[in-house]
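A quick write-up on the structure given underneath.
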Amino acid sequence: MARKFREASELLHDLLDRHEAGIVNVRAYPDHDGFRDIGEADRFDRELSRAVATGSVGPVNGTGRQRDRIVRVDLIDPQMLYRYLGRSPAPHKANAAAELVFDCLELNADIEATAYGAIAAWSRNRRWSGLVPGDAQGLRKAVLLAQAILDRKHRGLDYRTFSRRIAGGSKELESLEPAVLRILAGASLLPDAADGRSALSELGLDRFGPPLLLAGNLLVDGFPVPISLPYIGLPAREVTRVRFTTAPRYILSIENQTSFNRQVMEVDPERTGLVLYTGGFPSLDIQRAIAHLATSFPEVPIFHWSDIDPEGAMIFRTVERAAGRPVIPHLMEAALADLKGESLGQASGLRTADFTGSAMLGLARYFESPEANWLEQEELDPQLPLVPQADGVSLF
């Protein structure tokens with residue numbers, strides 16, 4: 001449906017916006033039915049008449065009863081309309097931004113070429129990886145961050161310290177992450193990973209992650225952890241110091257801390273399984289801890305519990321990749337989202353190809369539907385995993 005306008009200036013700028021986007025035969029429409037009163041309609045007509053007088057736009061009247069009403073406005077002379085509005089063409093602004101972005105920088109050729117993709121997008125008045133047209137400061141910082149990663153200046157630094165040293169603020173990398181990742185990918189510097197955060201983690205750029213929280217029949221450095229203690233926390237890299245009095249019946253990783261706490265305090269008081277907290281999206285160290293546990297107990301089934309939403313599906317897939325073997329969804333079913341959830345309201349952004357061979361493939365396909373719902377895992381009460389047995393009977 002064509003957009004309609006109650007403000008003449010908005011209509012005129014929209015004509016140029018679409019001209020810059022490469023649209024041929026650009027036109028726009030007054031919103032006669034939307035005018036709040038005769039005064040607003042008269043003001044629209046006066047402002048439009050001044051633009052028509054310059055020859056930059058041409059009015060088209062209706063037919064029949066609307067023969068005295070302008071029903072459409074065509075763009076005739078873009079350059080004249082630029083001058084009338086006092087607006088610089090997007091290519092001019094993009095070129096000016098490029099001078100600021102690349103001034104006095106010595107860059108890898110692939111990084112520079114990829115970053116120039118932003119200038120090309122801005123010349124058509126389009127965003128580029130989250131950067132609005134003309135955001136020279138943002139693009140320059142993204143380029144500096146990408147070049148610093150190529151130069152290995154991030155080695156030995158955490159995510160925020162690296163961001164502060166290179167871009168002048170501890171949160172700059174976080175806000176510019178889509179642009180930095182795109183530049184790195186264009187320069188073939190991005191590892192193959194499930195998502196950008198995992199790729200940065202593999203490059204050695206990890207935030208200070210949460211501790212690894214574990215619940216089960218545990219020994220630390222050979223000393224038993226009292227069963228009265230709900231769980232223990234330790235740096236994820238120290239998981240090899242943990243042993244078990246008996247092999248767990250199941251391994252369950254949980255994304256949400258509230259759900260983790262409820263699971264270990266309300267379910268399985270005998271600690272027959274091993275429950276761990278992923279800290280939201282699992283850091284590289286926690287992924288390695290999951291891999292260690294999966295290898296230590298190759299016959300023990302692994303479950304994961306996340307929100308029933310696209311991000312939860314990605315976290316599940318990350319856990320699955322870390323484990324290196326099949327993982328079973330725990331309380332992650334489309335039927336639960338349909339029963340208790342709310343409308344997702346937007347495209348999921350998931351690529352079902354990323355879930356080939358995964359137990360999450362069905363849920364990823366579910367999120368492709370405009371009717372899909374999402375559900376926070378905190379809305380569900382914890383339950384014991386249904387552990388499959390050789391004879392097909394579940395343990396719990």
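In this text, all values refer to a predicted model and were calculated from it rather than measured experimentally.
Residues forming a ring-ring contact (aromatic ring centres under 6.0 Å, His included) with Y29 (at least two apart in sequence, or on another chain): none. Partners of R182 under the salt bridge (charged side-chain N to carboxylate O under 4.0 Å, His left out) rule, at least two apart in sequence or in another chain, do not exist in this structure. Applying the ring-ring contact (aromatic ring centres under 6.0 Å, His included) criterion to W122, with sequence neighbours excluded, gives no partner residue. For E10, there are no salt bridge (charged side-chain N to carboxylate O under 4.0 Å, His left out) partners two or more places apart in sequence or in a different chain.
For the atom pair CD1 of I290 and OG1 of T295, the computed distance is 11.5 Å after rounding to the nearest 0.5 Å. Interatomic distance, CG of N125 versus CG of D17, reported as 5.0 Å (0.5 Å rounding). In this structure, CG on L384 lies 7.5 Å from NE2 on H330, to the nearest 0.5 angstrom. Taken to the nearest 0.5 Å, the CG atom of L145 stands 10.5 Å off from the CG atom of L181. How far CG of L274 is from CZ of R249: 14.0 Å, rounded to the nearest 0.5 Å. Rounding to the nearest 0.5 Å gives a distance of 12.0 Å between OH of Y277 and OG of S253.
Between R83 and T54, every side-chain heavy-atom pair lies at or beyond the 4.5 Å cut-off. The shortest distance between side-chain heavy atoms of P385 and W305 does not fall below 4.5 Å. In this structure the side chain of P301 reaches within 4.5 angstrom of the side chain of I328, judged on heavy atoms. Two residues are said to be in side-chain contact when any heavy atoms from C-beta on lie closer than 4.5 Å; R160 and E174 meet this criterion. By the 4.5 Å heavy-atom criterion applied to side chains, R262 and D381 are counted as neighbours. S163 places none of its side-chain heavy atoms less than 4.5 Å from the side chain of L176. Between N217 and P248, the closest side-chain pair of non-hydrogen atoms is not below 4.5 Å. A heavy-atom distance below 4.5 Å is found between the side chains of F355 and M314.
Within 6.0 Å of CZ on R325 lie more than 12 heavy atoms contributed by other residues, nucleotides or ligands. K93 NZ: more than 12 foreign heavy atoms inside a 6.0 Å radius. No more than 12 heavy-atom neighbours from other residues, nucleotides or ligands sit within 6.0 angstrom of CD on Q137.
Between the side chains of Y159 and E177, a donor-acceptor pair is found at a separation under 3.5 Å.
Residues V275 and I227 do not share a hydrophobic cluster, defined by chaining ILVMFWY side chains whose heavy atoms lie under 4.5 Å apart. Linking ILVMFWY side-chain heavy atoms closer than 4.5 Å, directly or via other members, places I232 and M265 in a single hydrophobic cluster. I111 is not connected to L100 by any chain of hydrophobic side-chain contacts under 4.5 Å among Ile, Leu, Val, Met, Phe, Trp and Tyr, and they are in different clusters. Cluster membership check: L219 does not share its hydrophobic cluster with L213, using side-chain heavy-atom separations under 4.5 Å among Ile, Leu, Val, Met, Phe, Trp and Tyr. One hydrophobic cluster, built from ILVMFWY side chains closer than 4.5 Å, holds both V180 and L105.
Cluster partners of I76 are absent, since no Ile, Leu, Val, Met, Phe, Trp or Tyr has side-chain heavy atoms less than 4.5 Å from it. Side-chain contacts under 4.5 Å among hydrophobic residues (ILVMFWY), followed directly or transitively, place M80 with no other residue at all. The other members of the hydrophobic cluster of Y84, by chain and number, are F5, L11, L12, L15, L16, I23, V26, F35, F44, L48, V52, V57, I70, V73, L75, L81, Y82, L85 (side-chain heavy atoms under 4.5 Å, ILVMFWY only). Connectivity analysis of hydrophobic side chains (ILVMFWY, heavy atoms under 4.5 Å, direct or indirect) links V71 to nothing; its cluster partners are none.
Between the side chain of R126 and the backbone N or O of S123 there is no donor-acceptor pair closer than 3.5 Å. Panel note: side chain H32, backbone A41; no donor-acceptor pair is recorded below 3.5 Å. Without hydrogens or angle criteria, E20 side chain to P89 main chain gives no donor-acceptor distance under 3.5 Å. Looking at R317, its side chain never comes within 3.5 Å of a backbone N or O of S358 through a donor-acceptor pair. Side-chain atoms of R18 come within 3.5 Å of backbone atoms of R27 as a donor-acceptor pair (strictly under, hydrogens ignored). Between the side chain of N256 and the backbone N or O of T258 there is at least one donor-acceptor pair closer than 3.5 Å. Not one N or O on the side chain of D103 forms a donor-acceptor pair closer than 3.5 Å with the backbone of E99. The closest donor-acceptor contact from the side chain of R271 to the backbone of V264 lies under 3.5 Å. Under the 3.5 Å distance criterion, the side-chain polar atoms of R164 are left unmatched by any main-chain donor or acceptor of S170. Between the side chain of N108 and the main chain of A187, no donor-acceptor pair closer than 3.5 Å is present.
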| request: Show the numbers, then the answer: is there a salt bridge (charged side-chain N to carboxylate O under 4.0 Å, His left out) between E368 and R365? | output: CA-CA 5 Å; E368 291 180 327; R365 287 174 173 164; 5.9 Å; no
| task | Report the C-alpha separation of D42 and R46 in whole Å, then their side-chain angles, then the decisive distance to 0.1 Å, and conclude whether the salt bridge (charged side-chain N to carboxylate O under 4.0 Å, His left out) test is met. | result | CA-CA 6 Å; D42 287 344; R46 286 195 302 271; 5.1 Å; no
| request: Check the pair R6, E40 against side-chain contact (heavy atoms from CB on, under 4.5 Å), reporting the backbone distance first and the verdict last. | output: CA-CA 8 Å; R6 290 164 39 195; E40 186 175 50; 3.2 Å; yes
| task | Run the numbers on K340 and E379 for salt bridge (charged side-chain N to carboxylate O under 4.0 Å, His left out), then give the verdict. | result | CA-CA 8 Å; K340 297 174 177 278; E379 298 295 323; over 6 Å; no
| field | Audit row: T356, L361, side-chain contact (heavy atoms from CB on, under 4.5 Å) steps and yes/no | value | CA-CA 6 Å; T356 301; L361 179 59; 5.6 Å; no
| H154 vs I166, side-chain contact (heavy atoms from CB on, under 4.5 Å): CA-CA, chis, key distance, verdict | CA-CA 9 Å; H154 64 295; I166 302 301; over 6 Å; no
| request: Given side-chain contact (heavy atoms from CB on, under 4.5 Å), test W128 with L139 step by step and report yes or no. | output: CA-CA 9 Å; W128 188 85; L139 181 57; 4.2 Å; yes
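Here the closest heavy-atom approach between residue Y366 and residue N373 is recorded as OH-N, 2.8 Å.
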Distance-only donor-acceptor hits, side chain of residues 112-121, under 3.5 Å, sequence neighbours excluded:
unit_1	atom_1	unit_2	atom_2	d
T114	OG1	D110	O	2.8

Would you tabulate the side-chain donor-acceptor contacts of residues 59-68 under 3.5 Å, counting partners in other chains and residues two or more places apart, or write 'none'?
unit_1	atom_1	unit_2	atom_2	d
N61	ND2	R67	O	2.9
R67	NH1	G64	O	2.9

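Applying the salt bridge (charged side-chain N to carboxylate O under 4.0 Å, His left out) test to every pair with at least one member in residues 287-312, sequence neighbours left out, gives these pairs: D285-R288. Here ring-ring contact (aromatic ring centres under 6.0 Å, His included) pairs that include residues 217-247, with residues two or more places apart or in two chains, are Y231-F260, F244-F297.
Between R321 and D354, no side-chain nitrogen of the basic residue sits less than 4.0 Å from a carboxylate oxygen of the acidic one, so the salt-bridge criterion is not met.
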